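One structure below.
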Amino acid sequence: MTIVQLQYVLAVDHYKNFTTAAENCYVTQPTLSMQIQKLEDELGIEIFDRASHPIKPTKIGFQIIEQARKIVNESKKIKNIVQEEKGTLEGEFVIGIIPTVYAGLTPLFLKTFLKKYPNIRLVIKELQTKEMIASIKDGSIDIGIVATPLGEEHITEAPLYYEPFIGYVPEYHKLSPKGVLTLKDLDSNDILMLEDGHCFSNSVMNICDFKRSTDKKVNFECGNLDVLIKLCDDGFGMTVLPLLYTEDFPENKKSRLRNFIEPVPTREISLVYHKSMLRVTFINSLKEVIQAVIRGKISLESTGNVISPKLEIK
């Protein structure tokens, strides 16, 4: 039994697919399958029911996976303790970022961070908040970048910045003549939002104090802000966006952006990690780089009108 075999087992459990698990472990599918088979032969049991679709653990497999997760997480801590004592920043770190932050923030900090810390290898995953919390708890990611507060007992939140919301009003829309927006301008029958599960949608509904409209002729269930913008341009309404997402908009789209008057609705974006996380040097270094590259673009301090995502996390 090896740590690598246990890591492969955890990957299959996470992705529910041997091929996808192998891709994310950076090995071939036959290699991963062979190592898991060797472990099963050694134990004399089957960990996975390969006849099920998607793949799921057997009854005893659930118990083995739970124990494997503990062993792998504890094994990582040995290296972490040594590296933290040396004050070195090296090795692999897995970062989860929510979709509405990923596109706007990642290009801003990534090259700077890797140039400053060349011995670090990053794996960056796009995850929704519920997935992020589960992944932090089971140790499959080291740190997350999400909208907070979350109020999770075993998760530490370190605020990074406070991001204003901004309206996107297409040409010929009824709000287009307005230079700035108020929250009262937002209409549940007119505003396009991401599908349920995205914390940004919850925040938008919270600032507007309304629920999703069921009176529309078409209700879009969309998980991509680019698609929402295209739908707005096609005449289906307007939307609200996070400010950093609009950073690289072309001029014709920037002319459709509308600021909100004070108090401007804002969301808190934080680094989140398990309270048992040992790599404090990495956390502080990542925070320092991100705040350095966005300083001047966005506030690092609370504006006093932070909107909670109010997630129902079960």
Side-chain angles (χ1 to χ4, degrees), residues 73 76-127 129 132-133 135-137 139-152 154-165 199-200 203 242-248 264 266-309:
N73 287 340
K76 289 179 182 178
K77 291 180 182 179
I78 296 174
K79 290 183 179 179
N80 291 346
I81 290 170
V82 173
Q83 290 175 342
E84 193 68 20
E85 176 65 23
K86 291 180 178 179
T88 59
L89 271 174
E90 57 186 35
E92 179 178 284
F93 293 90
V94 184
I95 302 175
I97 307 180
I98 57 174
T100 56
V101 170
Y102 196 110
L105 179 64
T106 306
L108 293 179
F109 82 86
L110 188 55
K111 285 185 178 179
T112 301
F113 186 83
L114 293 177
K115 184 177 181 180
K116 189 171 183 179
Y117 303 106
N119 294 324
I120 284 183
R121 179 175 176 273
L122 295 180
V123 177
I124 303 179
K125 300 183 177 183
E126 186 177 84
L127 299 172
T129 303
M132 190 92 68
I133 291 171
S135 296
I136 289 173
K137 288 181 175 179
S140 56
I141 68 170
D142 297 301
I143 195 166
I145 301 179
V146 301
T148 51
L150 300 176
E152 286 288 309
H154 300 293
I155 292 179
T156 297
E157 303 174 10
L160 275 173
Y161 57 85
Y162 295 84
E163 183 174 29
F165 295 5
C199 60
F200 189 70
S203 296
L243 180 62
L244 284 183
Y245 190 81
T246 68
E247 182 75 13
D248 294 324
V264 177
T266 303
R267 63 175 180 171
E268 178 183 77
I269 301 298
S270 300
L271 296 178
V272 297
Y273 50 93
H274 200 280
K275 289 184 176 178
S276 64
M277 172 73 160
L278 296 172
R279 300 307 306 273
V280 178
T281 302
F282 171 72
I283 295 168
N284 291 338
S285 300
L286 182 62
K287 182 177 181 179
E288 178 184 314
V289 169
I290 291 176
Q291 290 188 328
V293 298
I294 66 171
R295 186 174 279 108
K297 297 177 182 290
I298 208 163
S299 176
L300 304 184
E301 304 294 334
S302 173
T303 62
N305 192 35
V306 177
I307 307 301
S308 170

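As the structure is a prediction and not an experimental result, all values here were calculated from the model. We use all heavy atoms of the structure for the numbers below, so side chains are in, but hydrogens, waters and symmetry mates are not.
- Open room surrounds CG on D248; 12 or fewer heavy atoms of other groups in view lie less than 6.0 Å from it.
- Rounded to the nearest 0.5 Å, atoms CD1 (I298) and CD (E163) are 4.5 Å apart.
- E288 places a side-chain heavy atom less than 4.5 Å from the side chain of K116.
- Classified by interplanar angle (parallel below 30°, tilted 30° to 60°, perpendicular above 60°), the ring pair F282/F93 is parallel.
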Full working for side-chain contact (heavy atoms from CB on, under 4.5 Å) between L127 and I141: CA-CA 10 Å; L127 299 172; I141 68 170; 4.2 Å; yes
Steps toward side-chain contact (heavy atoms from CB on, under 4.5 Å) verdict (R267, T100): CA-CA 11 Å; R267 63 175 180 171; T100 56; 2.9 Å; yes
Verdict with supporting geometry, V272 and T156, side-chain contact (heavy atoms from CB on, under 4.5 Å): CA-CA 6 Å; V272 297; T156 297; over 6 Å; no
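- For the pair V293/F113, no side-chain contact is recorded, criterion being any heavy-atom separation below 4.5 Å from C-beta on.
- Once rounded to the nearest 0.5 Å, the distance linking CG of D142 with CG of L271 reads 12.0 Å.
- Counting only distance, with no hydrogens or angles, the side chain of T106 and the backbone of A103 share no donor-acceptor pair below 3.5 Å.
- Side-chain contact check for S285 versus Y117: some heavy-atom pair is nearer than 4.5 Å.
- L122 has its side chain within reach of L110: a pair of non-hydrogen atoms, C-beta onward, lies under 4.5 Å apart.
- Nearest approach of Y161 to V101, heavy atoms of both residues: OH-CG1, 3.8 Å.
- Residue Q291 comes nearest to L160 through the heavy atom pair NE2-O, 2.8 Å, listed as atom of the first residue, atom of the second, then distance.
- Looking at heavy atoms from C-beta onward, P159 lies out of side-chain contact with L300 at the 4.5 angstrom threshold.
- Remark: S270 OG to I155 CD1 distance equals 11.5 Å, nearest 0.5 Å.
- Contact check for I136 versus M132: side-chain heavy atoms found under the 4.5 Å cut-off.
- To the nearest 0.5 Å, atom NE2 of residue H154 and atom CD1 of residue I133 are 12.5 Å apart.
- A donor-acceptor pair shorter than 3.5 Å can be found between the side chains of E268 and T148.
- A donor-acceptor contact shorter than 3.5 Å is absent between the side chain of E126 and the backbone of I97.
- Considering CZ of F165 and OG1 of T266, their distance stands at 7.5 Å, rounded to 0.5 Å.
- Proximity of L150 to T129: side-chain heavy atoms (C-beta onward) are separated by under 4.5 Å at one or more points.
- When the shell of 6.0 Å around NZ of K275 is examined, it contains more than 12 heavy atoms from other residues, nucleotides or ligands.
- The distance from atom NZ of K287 to atom CD1 of I145, rounded to the nearest 0.5 Å, is 12.0 Å.
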CA sep, side-chain torsions, deciding dist, call: I95, V123, side-chain contact (heavy atoms from CB on, under 4.5 Å): CA-CA 6 Å; I95 302 175; V123 177; over 6 Å; no
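- Between V264 and P164, some side-chain heavy-atom pair lies under the 4.5 Å cut-off.
- Closest non-hydrogen pair, E157 versus E152, comes out as OE2-N, 4.5 Å.
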